[in-house]
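Below: the structure, in structure tokens.
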Amino acid sequence: MSGDIRPFRSVLYIPCSRERAIEKARTLAADALIFDLEDAVSPNEKDRARTNLIAALSHGEFRAGTKIVRINDLKTIWVEADIAAVNKMNIDAVLLPKVGSASDITTLASALARMPLWAMMETPLAILNAQQIASHSHLRGMVMGTNDLQKELRAKDLPARLALHTSLQLCILAARAHGKTIVDGVYNAFKNTEGLHTECVQGRDFGMDGKTLIHPAQIAVANEVFAPSADEIALALRHIEAHEAADAAGEGVAVVDDRIVESLHVATARSVLARAKVIAAMAAEDGQ
């Protein structure tokens, strides 16, 4: 991975009670996997799911660049066993559900051996405390739990997720203020490619880094939408070229397509090119 740039365009949930799903995940082109011990696993399968995951992580690699485990929440009877298990796993982060405040992150951090943490943003209290949660030194990322959040808000399933806009944007503000990754909630109609594409575009345009997914068929759409497009790459190159030419000529202003290009546009352009370079390198490694 180039520098600190790590794409999170597609983040796929894997139910750990299903051994076949874990094995299939080894070859999937998702940027990250969330191995789920929580919502996707029924109470009577918790122990088996944990055992399945331990075995899978001990045998063979996964194509995804980031491996995250979602444990059960701190108030459950399963969390102690989850924590003991993840402390022995070769993973990149632990995702904590039902976060209410930064103190929940502190509690989990004290029980883990220097493991990076992610937080599910899926309760009204989490949204109201988004800034303090995002500021926690052990936190690396935030995941929008839009299904649970909509239920807790008693919100209607409105077009374009209108009832969730405030919550989404508050979390994006918090993540950006503290330099944390943030990925959007799932799109439930996994066979509706057009609907998924529309929601991915909305999340991208809001400022999300990527989208959580519930089915492998959704990966390609998320990877495409959250990657810099050919047009964006071309414009980034033109912005940099114009700005450098203006500097060389001693001119204070560069113009591209009748628009002023300032240093902030150049910084954005360099970020676009850096992300595109990393994604291209990943595709080359996979032989795509």
Side-chain angles (χ1 to χ4, degrees), residues 1 4 6 8 11-26 28 30-123 126 129 132-145 148 175 178-183 212:
M1 203 67 63
D4 293 328
R6 178 175 293 202
F8 287 95
V11 183
L12 179 67
Y13 285 105
I14 305 296
C16 290
S17 55
R18 296 170 54 193
E19 294 175 67
R20 288 183 60 185
I22 299 176
E23 286 305 307
K24 183 177 181 180
R26 292 187 188 279
L28 296 177
D31 286 342
L33 301 173
I34 295 176
F35 295 103
D36 196 8
L37 298 174
E38 194 220 10
D39 277 354
V41 179
S42 64
N44 63 338
E45 293 185 313
K46 297 291 187 181
D47 291 341
R48 185 166 68 87
R50 200 180 301 112
T51 300
N52 289 345
L53 180 56
I54 292 170
L57 291 172
S58 300
H59 298 92
E61 296 298 320
F62 288 81
R63 180 178 174 184
T66 302
K67 301 186 294 293
I68 302 168
V69 175
R70 180 164 73 172
I71 62 174
N72 289 277
D73 78 76
L74 295 174
K75 296 179 180 179
T76 65
I77 60 173
W78 307 292
V79 69
E80 185 175 344
D82 288 348
I83 290 172
V86 297
N87 265 324
K88 301 174 183 177
M89 292 179 184
N90 180 23
I91 56 177
D92 299 290
V94 172
L95 173 59
L96 181 63
K98 306 301 185 289
V99 173
S101 68
S103 64
D104 293 330
I105 305 299
T106 298
T107 298
L108 181 58
S110 67
L112 293 175
R114 290 180 289 184
M115 183 79 69
L117 304 181
W118 285 51
M120 288 295 305
M121 306 299 287
E122 57 186 343
T123 68
N129 289 328
Q132 61 160 260
I133 292 169
S135 70
H136 199 287
S137 60
H138 284 84
L139 196 78
R140 296 294 179 271
M142 305 164 79
V143 177
M144 297 305 306
D148 281 87
H178 296 284
K180 305 302 167 67
T181 299
I182 182 166
V183 293
T212 46

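Numbers here are sequence positions counted from 1. Fair warning: this is a prediction, and the values are worked out from it, not measured in the lab.
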With a 3.5 Å distance limit and no angle check, can you tell me whether Asn52 reaches the backbone of Cys16 through a side-chain donor-acceptor pair?
yes

Over 12 foreign heavy atoms within 6.0 Å of CG, Asn90:
no

When you measure from the side chain of His178 to the backbone of Lys180, do you find a donor-acceptor pair of N or O atoms at a distance under 3.5 Å?
no

For Met89 and Ile54, what are the C-alpha separation, side-chain angles and deciding distance, and is it a side-chain contact (heavy atoms from CB on, under 4.5 Å)?
CA-CA 7 Å; Met89 292 179 184; Ile54 292 170; 3.7 Å; yes

Interatomic distance, OG1@Thr212 vs CZ@Phe8, rounded to 0.5 Å, equals 13.0 Å

For Asp31 and Thr66: C-alpha separation, side-chain torsions, deciding distance, then whether side-chain contact (heavy atoms from CB on, under 4.5 Å) applies.
CA-CA 7 Å; Asp31 286 342; Thr66 302; over 6 Å; no

Minimum heavy-atom distance between Glu38 and Pro97, given as atom pair plus value
OE2-CB, 3.4 Å

Does a salt bridge link Arg26 with Glu61, judged by any charged N lying under 4.0 Å from a carboxylate O?
no

Within the distance-only criterion (no hydrogens, no angle test), does the side chain of Lys67 pair as donor or acceptor with the backbone N or O of Phe62 below 3.5 angstrom?
no

Report the C-alpha distance between Tyr13 and Asp39 in whole Å, list the side-chain angles of each, state the deciding distance to 0.1 Å, and finish with yes or no for side-chain contact (heavy atoms from CB on, under 4.5 Å).
CA-CA 10 Å; Tyr13 285 105; Asp39 277 354; over 6 Å; no

Give, for atom CD of Gln132 and atom CD1 of Ile105, the distance between the pair rounded to the nearest 0.5 Å.
10.0 Å

Hey, what do you get for CE (Met120) to CZ (Arg70), rounding to the nearest 0.5 Å?
5.0 Å

Test Ile68 against Val143 for side-chain contact (heavy atoms from CB on, under 4.5 Å), laying out the working first.
CA-CA 11 Å; Ile68 302 168; Val143 177; over 6 Å; no

Least distance between heavy atoms, Ala111 atom then Ile83 atom
O-CG2, 3.5 Å

Is there a side-chain contact between Thr123 and Asp148 (heavy atoms, below 4.5 Å)?
no

For Asp36 and Ala40, indicate whether the former's side chain and the latter's backbone hold a donor-acceptor pair under 3.5 Å.
yes

So which heavy atom on Ala56 is nearest to which on Ile22, and how close?
CB-CG2, 3.4 Å

Do Ile91 and Met115 have side-chain heavy atoms sitting under 4.5 Å apart?
yes

Should Arg18 and Glu45 count as side-chain neighbours, where that means a heavy-atom distance under 4.5 Å?
no

Heavy-atom neighbours of Glu80 CD exceed 12 at 6.0 Å
no

Spatial distance of atom CD1 (Ile133) from atom CE (Met142) [nearest 0.5 Å]:
6.0 Å

Which heavy-atom pair separates Asp92 from Gly65 by the least distance, and what is that distance?
OD2-O, 3.9 Å

Gap between atom OG1 of Thr106 and atom CG of Leu139 - 0.5 Å precision:
10.5 Å

Lys46 side chain to Asp82 backbone, donor-acceptor under 3.5 Å
no

Nearest heavy-atom pair of Ala49 and Val41: which atoms, and what distance?
CB-CG1, 3.8 Å

Side-chain contact test, heavy atoms from C-beta onward, threshold under 4.5 Å: evaluate it for Arg50 versus Trp78 and give yes or no.
yes

If you round to the nearest 0.5 Å, how far is CG of Leu37 from CD1 of Ile14?
12.0 Å

From the options Thr181, Leu96, Val99, select the one residue that forms a side-chain contact (heavy atoms from CB on, under 4.5 Å) with Trp118.
Thr181

Test item: Met144 and Ile182 side chains (from C-beta on) under 4.5 Å apart, heavy atoms:
yes

Tightest non-hydrogen contact, residues Glu122 and Gly145, listed as CB-O, 3.5 Å

